[in-house]
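Being a predicted model, the structure only gives us computed values, none of them experimental.
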Amino acid sequence: MNKGGGMKKMKYVLVTGGVVSGLGKGVTASSIGVLLKACGLRVTSIKIDPYLNTDAGTMSPFEHGEVYVLDDGGEVDLDLGNYERFLDIKLTRDNNITTGKIYQASGLNFNAVIDKERRGDYLGKTVQVVPHITDAIQEWIERVALIPVDGQPGPADVCVIELGGTIGDIESMPFTEALGQFSYRVGAGNFCLIHVSLVPVISAVGEQTVYLLFSENKTNSAQCSGAEKLGFDTKYLSLSQHIARLLRPRVFQAENIITLYDVPNIWHLPSLLRDQKAHEGILGALNLPGVAREPNLKEWTSRAEFCDKLLEPVRIAVVGKYTGLSDSYLSLLKALLHASVSLRKKLVVDWVPASDIEDETARENPDAYKAAWKLLKGADGVLVPGGFGDRGVEGKILAAKYARENRIPFLGICLGMQIAVIEFARSILGLQDANSTEFDPDTKSPCVVFMPEGSKTHLGGTMRLGSRRTYFQVMDSKSAKLYGNRGFVDERHRHRYEVNPDMVSSLEDAGLSFTGKDETGQRMEIVELPSHPYYIGTQFHPEFKSRPGKPSALFLGLIAAACGQLDPLLHAHKIPYGMAKKISLYQNGNATKFAKIPADGIYSNCNGVHA
């Protein structure tokens with residue numbers, strides 16, 4: 001928006017949360033970004049996680065949800081996935097700030113506090129949280145905000161910052177102090193605080209989340225510490241006008257309080273913000289009312305409404321290790337959703353704990369065993385996602401065998417591809433002890449082996465990570481056709497084991513086809529079973545680059561196969577009956593069109609998990 005030709009001033013929007021964690025700050029920050037983008041502004045995002053971990057790479061999915069992988073190999077918080085999907089941008093590892101990163105050297109142009117102290121940069125001064133840590137936080141934010149993330153030259157207009165956790169947490173206090181200083185550092189008209197707070201409603205109405213917009217340039221603890229310090233209590237009604245009337249004498253004006261109630265799907269949120277004039281409050285606080293246009297959310301609105309009207313289901317069984325927490329597979333769910341909506345189907349996810357379909361469960365818990373197999377056998381397609389550790393591996397192998405023998409559409413991702421290879425070696429090659437050295441280091445038939453460049457002593461950041469190029473070996477394959485008959489594709493990786501190249505020839509002689517390999521030709525990236533309607537495994541994670549309206553090619557293929565629409569999709573780019581008139585595949589970046597679904601539009605079964 002730099003119309004005057006001079007150096008523009010970066011604008012910042014900070015999203016914080018109070019009362020409890022998990023209110024949806026990430027979706028809120030993403031929706032605010034969409035709203036500002038719809039006003040013609042360029043938007044970037046930063047997520048602050050106050051924990052001491054350097055990154056999310058070594059954290060259990062049950063602890064923190066999925067580990068989202070960026071193009072540059074950054075293992076980051078899942079909220080960065082929301083930012084990328086909503087805003088159609090490509091973030092960097094430095095867009096995720098942690099306490100561990102602040103205390104440790106990181107980045108190309110940033111020397112962390114301890115490194116500075118060791119070099120003597122502080123000239124004998126006592127190194128303290130204030131000002132040294134808080135200054136380091138502010139410097140990091142200013143540096144990263146200037147990194148282009150939308151494919152255009154130059155920095156964005158607005159940086160949306162999300163502070164993870166809850167205001168008042170001990171671990172977040174240095175960041176709270178730093179951001180308070182930062183608001184003065186950037187100056188009036190360049191900083192807007194949005195505080196997200198839960199307002200309990202003791203009635204059949206349920207609970208609502210209220211977004212409190214601050215136009216003042218202040219972030220001290222008295223003004224952003226959460227509902228308890230703002231005087232919220234359960235007597236407040238669900239009407240934002242009533243809340244505004246009660247709070248007006250204290251801190252807020254009525255127009256600065258926005259109510260975001262439950263919606264059928266999260267694609268409604270940008271429109272809900274717009275309808276309550278949230279953009280006017282934000283643009284006013286950022287001194288941009290005359291620069292930005294009225295938000296154009298036609299595409300988002302139509303996608304959201306279209307998604308709500310979907311009726312014909314497609315059932316996908318996700319056979320995994322972490323099915324007790326759907327956030328463990330968040331990007332995978334979104335990729336399934338994007339593909340389903342593009343094909344005008346309502347996604348139904350059947351969560352199948354991999355260990356529940358194993359023989360041991362049949363003996364110890366026959367009811368769980370029968371329930372798991374009932375879900376698997378009732379699915380239109382089977383997806384085996386990535387994971388680590390040996391729990392549930394035999395169950396995943398059984399799921400791959402069931403899909404192969406019964407010609408059920410199957411997609412295996414990362415470990416899911418590896419177990420498909422192991423199952424094929426056992427069942428077709430007769431190698432009963434075929435396995436991965438991850439699970440059986442002494443196996444005599446190692447189908448999957450540790451990559452030579454990996455580390456067995458340090459787990460964090462030592463995998464094969466980030467965007468890597470896959471070259472198609474068989475242009476007549478389903479995967480090559482789904483990717484638009486390109487010679488190669490760039491997808492994101494996260495693994496330390498790979499298919500044993502010494503076994504490839506025997507596997508291919510028996511009927512498997514490794515249709516995608518890396519640039520050396522020695523690392524297997526895509527495997528297919530040509531005689532099967534749809535049986536594909538990938539070493540990479542295609543879900544990380546799926547976007548609303550630009551579904552991942554291989555997820556689109558899975559859903560199309562599950563719906564009986566694969567052939568017209570593969571041949572001459574014909575659009576199957578009932579499919580959206582225009583489908584854009586997210587093959588190598590840059591998304592364009594979106595679709596829509598309920599409050600996430602995903603319906604799930606098993607263990608009461610709601611996706």
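Under 3.5 Å, the side chains of E84 and Y68 contain a donor-acceptor pair of N or O atoms. With no hydrogens or angles considered, a side-chain donor-acceptor pair links K11 and N190 at under 3.5 Å. Residues R85 and S331 have side chains that bring a donor and an acceptor to within less than 3.5 angstrom of each other. With 3.5 Å as the limit, one finds no donor-acceptor pair spanning the side chains of Y322 and E66. Using a 3.5 Å distance cut-off with no hydrogens or angles, the side chains of D49 and N96 do pair a donor with an acceptor. Side chains of Q181 and E177: a donor on one and an acceptor on the other come within 3.5 Å.
A donor-acceptor pair under 3.5 Å links the side-chain atoms of S328 to the main chain of L325, judged by distance alone. Distance alone, capped at 3.5 Å, places no donor-acceptor pair between the R93 side chain and the V76 backbone. Not one N or O on the side chain of D308 forms a donor-acceptor pair closer than 3.5 Å with the backbone of E305. Looking only at distances, no side-chain donor or acceptor of N82 sits under 3.5 Å from a matching main-chain atom of G26. In terms of modelled atom types and a separation under 3.5 Å, the side chain of D275 and the main chain of L272 share no donor-acceptor contact. Remark: side-chain polar atoms of H493 are paired, donor with acceptor, to backbone N or O of E491 under 3.5 angstrom. Looking only at distances, no side-chain donor or acceptor of N287 sits under 3.5 Å from a matching main-chain atom of P289.
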Take V186 and M10 through the test side-chain contact (heavy atoms from CB on, under 4.5 Å) and record every step on the way to the result.
CA-CA 8 Å; V186 299; M10 177 66 68; over 6 Å; no
In sequence, state the C-alpha distance, the side-chain angles, and the governing distance for E75 and R494, and then conclude on salt bridge (Lys or Arg N to Asp or Glu O under 4.0 Å).
CA-CA 9 Å; E75 298 173 284; R494 185 175 184 250; 2.7 Å; yes
What do the steps show when you test E142 against R185 for salt bridge (Lys or Arg N to Asp or Glu O under 4.0 Å), and what is the final call?
CA-CA 10 Å; E142 285 190 318; R185 177 172 178 156; 3.0 Å; yes
List the steps, then state whether salt bridge (Lys or Arg N to Asp or Glu O under 4.0 Å) holds for D71 with K90.
CA-CA 7 Å; D71 265 7; K90 289 185 179 180; 3.5 Å; yes
Just do the side-chain contact (heavy atoms from CB on, under 4.5 Å) check on C39 and L283 with the steps written out, would you?
CA-CA 10 Å; C39 292; L283 295 175; 4.2 Å; yes
Test side-chain contact (heavy atoms from CB on, under 4.5 Å) applied to Y83 and V149, step by step
CA-CA 11 Å; Y83 305 157; V149 296; over 6 Å; no
Given F175 and I97, is the side-chain contact (heavy atoms from CB on, under 4.5 Å) satisfied, shown in steps?
CA-CA 10 Å; F175 292 97; I97 305 174; 4.0 Å; yes
Could you check F306 against W267 for ring-ring contact (aromatic ring centres under 6.0 Å, His included), going step by step and ending with a plain yes or no?
CA-CA 11 Å; F306 171 72; W267 291 339; 9.7 Å; no
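For L333 against S326, the heavy-atom pair with the smallest separation is CD1-O, 3.7 Å. Residue S45 comes nearest to L87 through the heavy atom pair OG-CD1, 3.5 Å, listed as atom of the first residue, atom of the second, then distance. The heavy-atom pair separating L297 from A38 by the smallest distance is CD2-CB, 3.6 Å. Of all heavy-atom pairs between F544 and V67, the closest is CZ-O, 3.6 Å. Summarising the geometry of G180 relative to S183, their closest heavy-atom pair is O-OG, 2.7 Å, with the distance given to 0.1 Å. Considering every non-hydrogen atom in both L347 and L337, the closest pair reads CD2-N, 3.7 Å.
At least one side-chain heavy atom of D88 sits under 4.5 Å from a side-chain heavy atom of K37. Residues V15 and I161 have side chains not in contact (no heavy-atom distance under 4.5 Å, counting atoms from C-beta outward). With contacts defined as side-chain heavy-atom distances shorter than 4.5 Å, the pair R274/H279 qualifies. In this structure the side chain of S546 never reaches within 4.5 angstrom of the side chain of F555, judged on heavy atoms. At least one side-chain heavy atom of T176 sits less than 4.5 Å from a side-chain heavy atom of I167. The closest side-chain heavy-atom distance from Y12 to V158 is not below 4.5 Å. Counting only heavy atoms from C-beta outward, the side chains of L310 and R344 approach each other to under 4.5 Å. Taking the side chain as every heavy atom from C-beta outward, I48 and E162 never approach each other to under 4.5 Å.
The SG atom of C192 sits 5.5 Å away from atom CG of L286, with the distance rounded to the nearest 0.5 Å. Note that CG of D94 is 6.0 Å distant from NZ of K101, once rounded to the nearest 0.5 Å. Between the CD1 atom in I147 and the CD1 atom in I89 there is a gap of 11.5 Å [rounded to 0.5 Å]. Separating the CD atom in E171 from the OG1 atom in T99 is a distance of 6.5 Å, to the nearest 0.5 Å. Between the OG atom in S467 and the CZ atom in R492 there is a gap of 7.5 Å [rounded to 0.5 Å]. Here T28 contributes atom OG1 and K25 contributes atom NZ; the two are 8.5 Å apart, rounded to the nearest 0.5 Å.
The only member of I137, I141, T134, L193 that meets side chain to side chain contact (heavy atoms under 4.5 Å, CB included) when paired with L179 is I141.
Listed by chain and residue number, nothing satisfies the side chain to side chain donor-acceptor pair (under 3.5 Å) test with S31 (two or more places apart in sequence, or in another chain).
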